[in-house]
Amino acid sequence: LLNVESKNGDVNLFLTANDMYDYGFTASFGEIKVPDILKNKILNQKNKSSFKYSMNNAGSPITIHSEFGNINLNTK
């Protein structure tokens, strides 16, 4: 279990195909930017600032919240 919170600033996260986590992302006053290759993995998306994402149905939760900034997801 890992929780990450940013008050002022962007969060940049790099994912690989071997990652074994479930993610929860929220951005209060920002957007979550997802590359096209990862969009088919989104489990639940309410809007551009909140969604859940699963890599390989691992169940190890990671939550990331940004108060005033974006969350940028990238792949390697």
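All values reported here derive from a predicted model rather than from experimental measurement.
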- Task: Check for a donor-acceptor pair, side chain of Asn72 on one end and backbone N or O of Asn12 on the other, with a separation under 3.5 Å.
- Result: no
- Message: Looking at Asp10 and Gly69, would you say the former's side chain and the latter's main chain have a donor-acceptor pair under 3.5 Å?
- Response: no
- Task: For the residue pair Leu73 and Phe25, establish whether any side-chain heavy-atom pair is separated by less than 4.5 Å.
- Result: yes
- For Asn70 and Glu31 the tightest heavy-atom approach is OD1-N, 2.8 Å
- Message: I'd like to know if Val4 and Ile32 are part of one continuous hydrophobic network [Ile/Leu/Val/Met/Phe/Trp/Tyr, side-chain heavy atoms within less than 4.5 Å].
- Response: yes
- Query: How about Phe29 and Glu67: do any of their side-chain heavy atoms sit closer than 4.5 Å?
  - Reply: yes
- Message: Side-chain heavy atoms nearer than 4.5 Å, only ILVMFWY residues, links allowed to pass through others: does that put Tyr23 and Leu2 together?
- Response: yes
- Query: Do the side chains of Leu13 and Ile71 get nearer than 4.5 Å, heavy atoms only?
  - Reply: no
